[in-house]
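A short worksheet on the structure shown next.
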Amino acid sequence: MQTVTIIKQDHFGRGIAYLDGTLVFVEQGLPQELIDITLVKKNKKFSLAKIEKIHQASSERVQVPCPYAASCGGCDLLHQSYEGQKKFKMKKIEEIMHKYAHLSKELLRPILASPPFHYRNKATLHRQGNHVGFYKDKSHEVCPIANCLLVDDKINRVMQKLSEWMEKNPGFDEAMIRISPKYNETMIALHGTQDQEQVLAFWRDQVDSLFYNGTCLFGTPVLHYDLLGKTFSVAPASFFQVNLFMTEVLYQVVIDMVKSVHAKKILDLYCGTGTISLLLSSYVDEVLGIEVVLDAVVDARRNQEENHIQNVQFICGKVEDHLDQITKTVDTVVVDPPRSGLDPSTIQSILQMQPKAIVYVSCDPMTLARDLSLLQKIYEVKELQPVDMFPNTHHVECVALLKLKE
(Lines give C-alpha, C1' and ligand atoms only; values in the text may rest on other atoms or scores of the structure.)
Protein backbone atom coordinates (compact mmCIF):
# COMPACT_ATOMS: atom_id res chain seq x y z
CA MET A 1 0.00 0.00 0.00
CA GLN A 2 1.30 3.44 -1.00
CA THR A 3 0.20 7.03 -0.20
CA VAL A 4 -0.29 9.46 -3.10
CA THR A 5 -1.95 12.79 -3.90
CA ILE A 6 -4.37 12.97 -6.82
CA ILE A 7 -3.32 15.79 -9.16
CA LYS A 8 -6.24 15.79 -11.61
CA GLN A 9 -8.66 13.51 -13.45
CA ASP A 10 -7.99 11.87 -16.79
CA HIS A 11 -10.57 11.96 -19.59
CA PHE A 12 -12.30 8.85 -18.22
CA GLY A 13 -12.73 10.42 -14.80
CA ARG A 14 -9.96 8.45 -13.08
CA GLY A 15 -7.62 10.17 -10.66
CA ILE A 16 -4.03 10.81 -11.82
CA ALA A 17 -1.11 10.49 -9.41
CA TYR A 18 2.61 9.73 -9.58
CA LEU A 19 4.43 7.06 -7.62
CA ASP A 20 8.24 7.01 -7.83
CA GLY A 21 7.95 8.99 -11.07
CA THR A 22 5.49 6.52 -12.64
CA LEU A 23 2.03 7.58 -13.79
CA VAL A 24 -0.78 5.97 -11.79
CA PHE A 25 -4.48 5.94 -12.72
CA VAL A 26 -6.66 5.61 -9.62
CA GLU A 27 -10.27 4.47 -9.96
CA GLN A 28 -12.60 7.03 -8.33
CA GLY A 29 -9.75 9.29 -7.30
CA LEU A 30 -10.60 13.01 -7.18
CA PRO A 31 -8.30 16.06 -7.46
CA GLN A 32 -6.32 17.10 -4.34
CA GLU A 33 -7.14 13.93 -2.42
CA LEU A 34 -4.51 12.30 -0.19
CA ILE A 35 -5.12 8.56 -0.34
CA ASP A 36 -3.64 5.13 0.24
CA ILE A 37 -3.71 2.96 -2.88
CA THR A 38 -3.04 -0.61 -3.90
CA LEU A 39 -1.71 -1.31 -7.38
CA VAL A 40 -3.84 -3.72 -9.38
CA LYS A 41 -1.83 -3.58 -12.64
CA LYS A 42 1.63 -2.35 -13.46
CA ASN A 43 3.72 -1.94 -16.60
CA LYS A 44 6.64 0.21 -17.72
CA LYS A 45 4.55 3.25 -18.68
CA PHE A 46 1.80 3.39 -16.04
CA SER A 47 -0.02 1.58 -13.24
CA LEU A 48 -3.67 1.08 -12.33
CA ALA A 49 -4.71 1.35 -8.70
CA LYS A 50 -7.67 1.27 -6.36
CA ILE A 51 -8.29 3.33 -3.23
CA GLU A 52 -7.72 1.65 0.13
CA LYS A 53 -8.09 4.64 2.45
CA ILE A 54 -8.84 8.35 2.07
CA HIS A 55 -6.84 10.61 4.39
CA GLN A 56 -7.97 13.89 2.84
CA ALA A 57 -11.17 13.84 0.77
CA SER A 58 -12.06 16.22 -2.04
CA SER A 59 -14.88 18.69 -1.40
CA GLU A 60 -16.46 17.17 -4.53
CA ARG A 61 -16.64 13.66 -3.05
CA VAL A 62 -20.15 12.49 -2.16
CA GLN A 63 -21.54 9.33 -0.65
CA VAL A 64 -22.37 6.88 -3.43
CA PRO A 65 -26.17 6.38 -3.37
CA CYS A 66 -26.21 3.14 -5.41
CA PRO A 67 -25.56 -0.31 -3.85
CA TYR A 68 -24.46 -1.69 -7.24
CA ALA A 69 -21.90 0.99 -8.09
CA ALA A 70 -18.80 -1.00 -7.14
CA SER A 71 -19.74 -4.03 -9.26
CA CYS A 72 -21.73 -2.45 -12.10
CA GLY A 73 -19.28 0.25 -13.18
CA GLY A 74 -21.74 2.04 -15.44
CA CYS A 75 -21.82 5.23 -13.34
CA ASP A 76 -18.10 5.97 -13.16
CA LEU A 77 -18.60 9.46 -11.65
CA LEU A 78 -21.27 8.64 -9.07
CA HIS A 79 -18.80 9.41 -6.26
CA GLN A 80 -18.40 13.00 -7.53
CA SER A 81 -20.86 15.85 -6.91
CA TYR A 82 -22.76 16.96 -9.98
CA GLU A 83 -21.13 20.40 -9.80
CA GLY A 84 -17.78 18.61 -9.81
CA GLN A 85 -18.81 16.46 -12.76
CA LYS A 86 -19.71 19.54 -14.80
CA LYS A 87 -16.33 21.13 -14.03
CA PHE A 88 -14.59 17.88 -15.00
CA LYS A 89 -16.43 17.67 -18.33
CA MET A 90 -15.73 21.30 -19.18
CA LYS A 91 -12.03 20.82 -18.38
CA LYS A 92 -11.93 17.59 -20.37
CA ILE A 93 -13.35 19.23 -23.50
CA GLU A 94 -11.09 22.26 -23.08
CA GLU A 95 -7.94 20.11 -22.82
CA ILE A 96 -8.85 17.82 -25.72
CA MET A 97 -9.76 20.71 -28.03
CA HIS A 98 -6.59 22.61 -27.17
CA LYS A 99 -4.29 19.61 -27.59
CA TYR A 100 -5.76 17.98 -30.69
CA ALA A 101 -7.59 20.80 -32.50
CA HIS A 102 -5.58 23.81 -31.24
CA LEU A 103 -8.75 25.63 -30.22
CA SER A 104 -9.06 28.41 -27.67
CA LYS A 105 -11.11 27.84 -24.53
CA GLU A 106 -12.97 31.08 -25.32
CA LEU A 107 -14.95 29.11 -27.95
CA LEU A 108 -16.36 26.83 -25.24
CA ARG A 109 -19.81 27.73 -23.92
CA PRO A 110 -20.94 26.74 -20.38
CA ILE A 111 -22.21 23.16 -20.23
CA LEU A 112 -25.98 22.67 -20.41
CA ALA A 113 -26.81 20.53 -17.37
CA SER A 114 -29.28 17.70 -16.91
CA PRO A 115 -31.10 16.41 -13.84
CA PRO A 116 -28.55 13.84 -12.62
CA PHE A 117 -30.92 10.93 -11.93
CA HIS A 118 -33.86 9.09 -13.55
CA TYR A 119 -33.14 10.65 -16.94
CA ARG A 120 -32.92 7.56 -19.16
CA ASN A 121 -35.93 6.45 -21.23
CA LYS A 122 -34.34 3.13 -22.17
CA ALA A 123 -32.52 0.19 -20.56
CA THR A 124 -31.17 -3.10 -21.94
CA LEU A 125 -30.88 -6.03 -19.52
CA HIS A 126 -29.28 -9.44 -19.85
CA ARG A 127 -29.66 -12.79 -18.14
CA GLN A 128 -26.81 -14.89 -16.78
CA GLY A 129 -27.73 -17.95 -14.75
CA ASN A 130 -30.34 -16.80 -12.23
CA HIS A 131 -29.42 -13.13 -12.51
CA VAL A 132 -30.91 -10.26 -14.51
CA GLY A 133 -28.99 -7.02 -14.85
CA PHE A 134 -26.54 -4.90 -16.81
CA TYR A 135 -23.21 -5.99 -18.23
CA LYS A 136 -20.36 -4.95 -16.00
CA ASP A 137 -17.99 -2.37 -17.42
CA LYS A 138 -15.83 -3.80 -20.24
CA SER A 139 -17.24 -7.33 -19.85
CA HIS A 140 -20.13 -9.65 -20.66
CA GLU A 141 -20.55 -10.63 -17.04
CA VAL A 142 -23.94 -9.63 -15.67
CA CYS A 143 -24.26 -7.46 -12.57
CA PRO A 144 -27.66 -8.23 -10.94
CA ILE A 145 -29.74 -5.04 -10.71
CA ALA A 146 -33.12 -4.50 -9.04
CA ASN A 147 -33.21 -0.71 -9.25
CA CYS A 148 -31.16 1.78 -11.31
CA LEU A 149 -30.86 5.44 -10.36
CA LEU A 150 -30.35 6.57 -13.95
CA VAL A 151 -33.56 5.20 -15.46
CA ASP A 152 -37.12 6.44 -15.15
CA ASP A 153 -39.01 4.76 -12.29
CA LYS A 154 -41.40 3.11 -14.76
CA ILE A 155 -38.44 1.19 -16.15
CA ASN A 156 -37.42 0.15 -12.64
CA ARG A 157 -40.89 -1.28 -12.04
CA VAL A 158 -40.69 -3.31 -15.25
CA MET A 159 -37.18 -4.49 -14.27
CA GLN A 160 -38.60 -5.85 -11.02
CA LYS A 161 -41.33 -7.68 -12.94
CA LEU A 162 -38.63 -9.04 -15.24
CA SER A 163 -36.77 -10.60 -12.30
CA GLU A 164 -40.04 -12.08 -11.04
CA TRP A 165 -40.85 -13.51 -14.48
CA MET A 166 -37.37 -14.96 -14.99
CA GLU A 167 -37.66 -17.09 -11.84
CA LYS A 168 -40.48 -19.03 -13.50
CA ASN A 169 -39.32 -18.68 -17.11
CA PRO A 170 -35.63 -19.55 -17.57
CA GLY A 171 -35.80 -19.25 -21.37
CA PHE A 172 -35.23 -15.48 -21.28
CA ASP A 173 -31.91 -14.05 -22.63
CA GLU A 174 -32.25 -10.28 -23.13
CA ALA A 175 -34.75 -7.47 -22.63
CA MET A 176 -34.96 -3.90 -23.87
CA ILE A 177 -37.33 -1.64 -21.92
CA ARG A 178 -38.32 1.74 -23.32
CA ILE A 179 -40.83 4.29 -22.07
CA SER A 180 -42.54 7.43 -23.32
CA PRO A 181 -43.75 9.29 -20.20
CA LYS A 182 -45.83 11.94 -21.96
CA TYR A 183 -47.91 9.32 -23.75
CA ASN A 184 -47.74 6.94 -20.76
CA GLU A 185 -46.36 4.16 -22.98
CA THR A 186 -44.12 1.30 -21.86
CA MET A 187 -42.56 -1.17 -24.31
CA ILE A 188 -40.58 -4.32 -23.65
CA ALA A 189 -38.71 -6.27 -26.34
CA LEU A 190 -37.70 -9.76 -25.18
CA HIS A 191 -35.45 -12.41 -26.69
CA GLY A 192 -35.42 -16.03 -25.60
CA THR A 193 -36.69 -19.58 -26.12
CA GLN A 194 -39.77 -19.48 -23.88
CA ASP A 195 -43.15 -20.52 -25.27
CA GLN A 196 -44.77 -17.49 -26.89
CA GLU A 197 -48.15 -18.02 -25.17
CA GLN A 198 -46.49 -18.05 -21.74
CA VAL A 199 -44.67 -14.83 -22.54
CA LEU A 200 -47.92 -13.23 -23.69
CA ALA A 201 -49.86 -14.41 -20.64
CA PHE A 202 -47.46 -12.81 -18.15
CA TRP A 203 -46.70 -9.52 -19.90
CA ARG A 204 -50.08 -8.54 -21.33
CA ASP A 205 -51.09 -6.68 -18.14
CA GLN A 206 -47.62 -5.31 -17.36
CA VAL A 207 -46.73 -3.17 -20.40
CA ASP A 208 -48.40 -1.35 -23.28
CA SER A 209 -46.57 -3.20 -26.05
CA LEU A 210 -44.63 -6.46 -26.21
CA PHE A 211 -42.10 -7.68 -28.76
CA TYR A 212 -40.81 -11.23 -28.59
CA ASN A 213 -37.90 -12.28 -30.80
CA GLY A 214 -38.62 -9.36 -33.10
CA THR A 215 -42.39 -9.90 -33.42
CA CYS A 216 -44.95 -7.55 -31.89
CA LEU A 217 -47.33 -9.77 -29.89
CA PHE A 218 -49.60 -6.95 -28.75
CA GLY A 219 -49.84 -3.20 -28.39
CA THR A 220 -48.40 -0.41 -30.52
CA PRO A 221 -45.31 -1.34 -32.57
CA VAL A 222 -43.80 2.11 -31.89
CA LEU A 223 -43.50 4.58 -29.02
CA HIS A 224 -44.31 8.26 -29.47
CA TYR A 225 -42.24 11.27 -28.41
CA ASP A 226 -42.93 14.98 -28.79
CA LEU A 227 -39.94 17.17 -29.61
CA LEU A 228 -40.19 20.91 -30.21
CA GLY A 229 -43.67 20.74 -31.68
CA LYS A 230 -43.25 17.58 -33.73
CA THR A 231 -44.16 13.96 -32.95
CA PHE A 232 -41.79 11.05 -33.54
CA SER A 233 -42.58 7.34 -33.69
CA VAL A 234 -39.73 5.13 -32.50
CA ALA A 235 -39.50 1.38 -33.13
CA PRO A 236 -37.67 -0.97 -30.70
CA ALA A 237 -34.45 -1.12 -32.73
CA SER A 238 -34.40 2.56 -33.67
CA PHE A 239 -31.88 4.99 -32.22
CA PHE A 240 -33.37 7.79 -30.17
CA GLN A 241 -31.67 10.00 -27.59
CA VAL A 242 -32.11 8.43 -24.14
CA ASN A 243 -32.14 11.56 -21.96
CA LEU A 244 -35.74 12.50 -21.20
CA PHE A 245 -34.82 16.03 -20.16
CA MET A 246 -32.02 17.07 -22.51
CA THR A 247 -33.00 15.79 -25.96
CA GLU A 248 -34.99 18.93 -26.78
CA VAL A 249 -32.17 21.06 -25.35
CA LEU A 250 -29.60 19.35 -27.60
CA TYR A 251 -31.67 19.74 -30.74
CA GLN A 252 -32.52 23.36 -29.94
CA VAL A 253 -28.77 24.06 -29.94
CA VAL A 254 -28.56 22.58 -33.45
CA ILE A 255 -31.55 24.63 -34.62
CA ASP A 256 -30.11 27.86 -33.19
CA MET A 257 -26.76 27.27 -34.90
CA VAL A 258 -28.45 26.56 -38.24
CA LYS A 259 -30.58 29.70 -37.90
CA SER A 260 -27.50 31.77 -37.04
CA VAL A 261 -25.93 31.03 -40.45
CA HIS A 262 -29.21 31.66 -42.32
CA ALA A 263 -29.16 28.19 -43.87
CA LYS A 264 -31.50 27.44 -46.76
CA LYS A 265 -30.53 23.99 -48.03
CA ILE A 266 -29.35 21.44 -45.45
CA LEU A 267 -27.52 18.15 -45.90
CA ASP A 268 -28.07 15.98 -42.79
CA LEU A 269 -25.50 13.17 -42.67
CA TYR A 270 -25.95 10.07 -40.46
CA CYS A 271 -29.54 11.28 -40.08
CA GLY A 272 -30.87 8.16 -38.28
CA THR A 273 -34.64 8.30 -37.85
CA GLY A 274 -34.66 11.82 -39.25
CA THR A 275 -35.07 13.71 -35.98
CA ILE A 276 -32.72 16.57 -36.84
CA SER A 277 -33.84 16.73 -40.49
CA LEU A 278 -37.49 17.04 -39.55
CA LEU A 279 -36.90 19.54 -36.75
CA LEU A 280 -34.88 21.74 -39.11
CA SER A 281 -37.53 21.59 -41.83
CA SER A 282 -39.45 24.49 -40.26
CA TYR A 283 -36.48 26.86 -40.60
CA VAL A 284 -35.01 26.09 -44.05
CA ASP A 285 -36.14 25.54 -47.64
CA GLU A 286 -34.90 21.96 -48.13
CA VAL A 287 -33.31 19.11 -46.15
CA LEU A 288 -31.67 15.99 -47.55
CA GLY A 289 -30.94 13.24 -45.01
CA ILE A 290 -28.61 10.28 -45.61
CA GLU A 291 -28.57 7.17 -43.41
CA VAL A 292 -27.17 3.65 -43.94
CA VAL A 293 -29.65 1.74 -41.69
CA LEU A 294 -32.77 0.89 -43.70
CA ASP A 295 -35.05 0.52 -40.65
CA ALA A 296 -34.03 4.01 -39.53
CA VAL A 297 -34.88 5.45 -42.95
CA VAL A 298 -38.26 3.71 -42.84
CA ASP A 299 -38.86 5.35 -39.44
CA ALA A 300 -37.70 8.72 -40.81
CA ARG A 301 -40.12 8.57 -43.73
CA ARG A 302 -42.97 7.53 -41.43
CA ASN A 303 -42.21 10.45 -39.10
CA GLN A 304 -42.08 12.78 -42.09
CA GLU A 305 -45.52 11.61 -43.22
CA GLU A 306 -47.05 11.82 -39.74
CA ASN A 307 -45.82 15.40 -39.35
CA HIS A 308 -46.98 16.38 -42.87
CA ILE A 309 -43.54 17.66 -43.88
CA GLN A 310 -42.92 18.18 -47.60
CA ASN A 311 -39.45 19.73 -47.84
CA VAL A 312 -37.37 16.77 -46.61
CA GLN A 313 -35.98 13.82 -48.58
CA PHE A 314 -34.27 10.75 -47.14
CA ILE A 315 -31.70 8.51 -48.90
CA CYS A 316 -30.71 5.08 -47.63
CA GLY A 317 -27.02 4.32 -48.10
CA LYS A 318 -23.52 5.01 -46.88
CA VAL A 319 -22.76 8.69 -46.49
CA GLU A 320 -19.48 8.41 -48.36
CA ASP A 321 -21.20 6.72 -51.34
CA HIS A 322 -23.66 9.58 -51.93
CA LEU A 323 -21.76 12.75 -51.17
CA ASP A 324 -20.24 13.01 -54.62
CA GLN A 325 -23.75 13.12 -56.10
CA ILE A 326 -24.82 16.08 -53.96
CA THR A 327 -24.91 19.37 -55.81
CA LYS A 328 -23.17 22.47 -54.52
CA THR A 329 -26.53 24.11 -53.83
CA VAL A 330 -26.30 22.71 -50.30
CA ASP A 331 -25.16 25.60 -48.10
CA THR A 332 -25.00 23.89 -44.68
CA VAL A 333 -24.08 20.38 -43.57
CA VAL A 334 -25.23 18.84 -40.28
CA VAL A 335 -23.41 15.72 -39.08
CA ASP A 336 -24.27 13.44 -36.15
CA PRO A 337 -21.90 10.50 -36.62
CA PRO A 338 -21.32 7.47 -34.38
CA ARG A 339 -18.70 7.58 -31.63
CA SER A 340 -15.99 6.77 -34.19
CA GLY A 341 -16.56 10.14 -35.87
CA LEU A 342 -16.55 11.03 -39.55
CA ASP A 343 -15.23 8.68 -42.20
CA PRO A 344 -12.10 10.17 -43.88
CA SER A 345 -13.80 10.08 -47.29
CA THR A 346 -16.76 11.98 -45.83
CA ILE A 347 -14.44 14.70 -44.55
CA GLN A 348 -12.78 14.91 -47.95
CA SER A 349 -16.14 15.18 -49.72
CA ILE A 350 -17.28 17.95 -47.37
CA LEU A 351 -14.04 19.84 -48.01
CA GLN A 352 -14.65 19.51 -51.76
CA MET A 353 -18.28 20.68 -51.45
CA GLN A 354 -17.32 23.70 -49.34
CA PRO A 355 -20.70 24.43 -47.73
CA LYS A 356 -20.69 27.77 -45.92
CA ALA A 357 -21.30 26.14 -42.52
CA ILE A 358 -21.09 22.81 -40.67
CA VAL A 359 -22.92 21.87 -37.48
CA TYR A 360 -21.25 18.84 -35.88
CA VAL A 361 -23.05 16.87 -33.13
CA SER A 362 -20.60 14.61 -31.30
CA CYS A 363 -20.78 12.10 -28.44
CA ASP A 364 -16.97 11.78 -28.22
CA PRO A 365 -14.75 14.86 -27.78
CA MET A 366 -11.66 12.95 -28.97
CA THR A 367 -13.02 12.06 -32.40
CA LEU A 368 -14.64 15.50 -32.63
CA ALA A 369 -11.25 17.18 -32.05
CA ARG A 370 -9.62 14.90 -34.62
CA ASP A 371 -12.22 15.76 -37.26
CA LEU A 372 -12.20 19.48 -36.44
CA SER A 373 -8.44 19.59 -36.95
CA LEU A 374 -8.93 18.22 -40.49
CA LEU A 375 -11.87 20.46 -41.31
CA GLN A 376 -9.92 23.52 -40.19
CA LYS A 377 -8.06 23.46 -43.51
CA ILE A 378 -10.82 25.68 -44.85
CA TYR A 379 -13.18 26.10 -41.87
CA GLU A 380 -13.04 28.13 -38.68
CA VAL A 381 -14.60 26.78 -35.50
CA LYS A 382 -16.91 29.48 -34.14
CA GLU A 383 -18.57 27.83 -31.16
CA LEU A 384 -18.50 24.68 -28.99
CA GLN A 385 -21.55 23.88 -26.87
CA PRO A 386 -21.29 20.97 -24.38
CA VAL A 387 -24.55 19.25 -23.43
CA ASP A 388 -24.58 16.78 -20.54
CA MET A 389 -26.69 13.93 -21.88
CA PHE A 390 -25.13 11.35 -19.54
CA PRO A 391 -24.78 12.57 -15.93
CA ASN A 392 -22.80 10.39 -13.50
CA THR A 393 -20.68 9.05 -16.39
CA HIS A 394 -17.58 10.48 -18.08
CA HIS A 395 -19.44 10.80 -21.40
CA VAL A 396 -20.44 14.22 -22.73
CA GLU A 397 -22.11 15.48 -25.91
CA CYS A 398 -20.80 18.53 -27.76
CA VAL A 399 -22.12 20.58 -30.68
CA ALA A 400 -19.67 22.56 -32.83
CA LEU A 401 -20.38 25.32 -35.32
CA LEU A 402 -17.92 25.82 -38.19
CA LYS A 403 -17.92 28.49 -40.89
CA LEU A 404 -16.06 28.59 -44.18
CA LYS A 405 -13.00 30.82 -43.94
CA GLU A 406 -13.22 34.03 -45.93
Side-chain angles (χ1 to χ4, degrees), residues 74 112 114-115 118-125 134 148 150-152 154-155 158 174-190 207-211 214 216 219-255 268-281 287 289-307 309 312 314 316 334-339 361-364 387-391 393 395-399:
L112 300 176
S114 167
H118 303 297
Y119 61 83
R120 289 187 63 95
N121 62 33
K122 178 184 176 183
T124 301
L125 296 106
F134 301 137
C148 175
L150 298 195
V151 304
D152 185 273
K154 288 182 180 180
I155 294 179
V158 177
E174 183 180 276
M176 186 279 295
I177 307 165
R178 198 175 224 162
I179 56 105
S180 173
K182 181 172 182 179
Y183 289 88
N184 198 28
E185 297 173 330
T186 303
M187 173 189 288
I188 189 166
L190 297 162
V207 293
D208 299 297
S209 63
L210 167 68
F211 281 77
C216 185
T220 174
V222 294
L223 294 186
H224 302 90
Y225 298 89
D226 283 357
L227 289 177
L228 300 171
K230 293 181 172 59
T231 301
F232 294 87
S233 300
V234 180
S238 299
F239 170 79
F240 195 78
Q241 292 286 351
V242 300
N243 192 307
L244 291 163
F245 310 109
M246 300 303 289
T247 298
E248 282 193 328
V249 174
L250 175 69
Y251 291 142
Q252 187 62 57
V253 170
V254 175
I255 290 170
D268 182 12
L269 306 181
Y270 310 92
C271 69
T273 56
T275 311
I276 291 177
S277 294
L278 298 175
L279 290 176
L280 289 176
S281 67
V287 184
I290 302 179
E291 168 61 45
V292 70
V293 179
L294 177 59
D295 287 347
V297 175
V298 170
D299 284 346
R301 289 170 178 161
R302 180 179 61 244
N303 288 324
Q304 178 182 5
E305 183 177 347
E306 290 177 355
N307 285 281
I309 294 171
V312 178
F314 293 107
C316 183
V334 177
V335 295
D336 187 4
R339 191 170 298 277
V361 183
S362 169
C363 59
D364 188 336
V387 184
D388 194 8
M389 303 294 287
F390 309 103
T393 80
H395 300 290
V396 61
E397 204 95 1
C398 198
V399 188

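This structure is a prediction, so every number in the text was calculated from the model and none was measured.
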Legend entry - Chi angles and distances behind the side chain to side chain donor-acceptor pair (under 3.5 Å) call for E306, S233: CA-CA 9 Å; E306 290 177 355; S233 300; 2.8 Å; yes
Within this structure, what is the [atom1]-[atom2] distance for the pair [X] and [Y], rounded to the nearest 0.5 Å?
| X | Y | atom1 | atom2 | result |
| --- | --- | --- | --- | --- |
| M187 | M176 | CE | CE | 6.0 Å |
| L250 | I255 | CG | CD1 | 10.0 Å |
| T186 | L223 | OG1 | CG | 8.0 Å |
| L280 | D268 | CG | CG | 7.0 Å |
| D388 | T393 | CG | OG1 | 7.0 Å |
| L278 | I276 | CG | CD1 | 10.5 Å |

Nearest heavy-atom neighbours spanning [X] and [Y]:
| X | Y | answer |
| --- | --- | --- |
| C316 | R301 | N-NH2, 4.4 Å |
| P181 | D152 | CG-OD2, 4.4 Å |
| V151 | K122 | CG1-O, 4.3 Å |
| F232 | G274 | CE2-O, 4.4 Å |

Pairwise side-chain contact, [X] with [Y], heavy-atom cut-off 4.5 Å (strictly under):
| X | Y | answer |
| --- | --- | --- |
| S238 | V222 | no |
| F240 | L227 | yes |
| Q241 | T275 | no |
| N184 | K154 | yes |
| F390 | V242 | yes |
| R178 | V234 | yes |
| M389 | H395 | no |

Legend entry - Partners passing side-chain contact (heavy atoms from CB on, under 4.5 Å) against V292 (at least two apart in sequence or in another chain):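 By the side-chain contact (heavy atoms from CB on, under 4.5 Å) rule, V292 matches K318.
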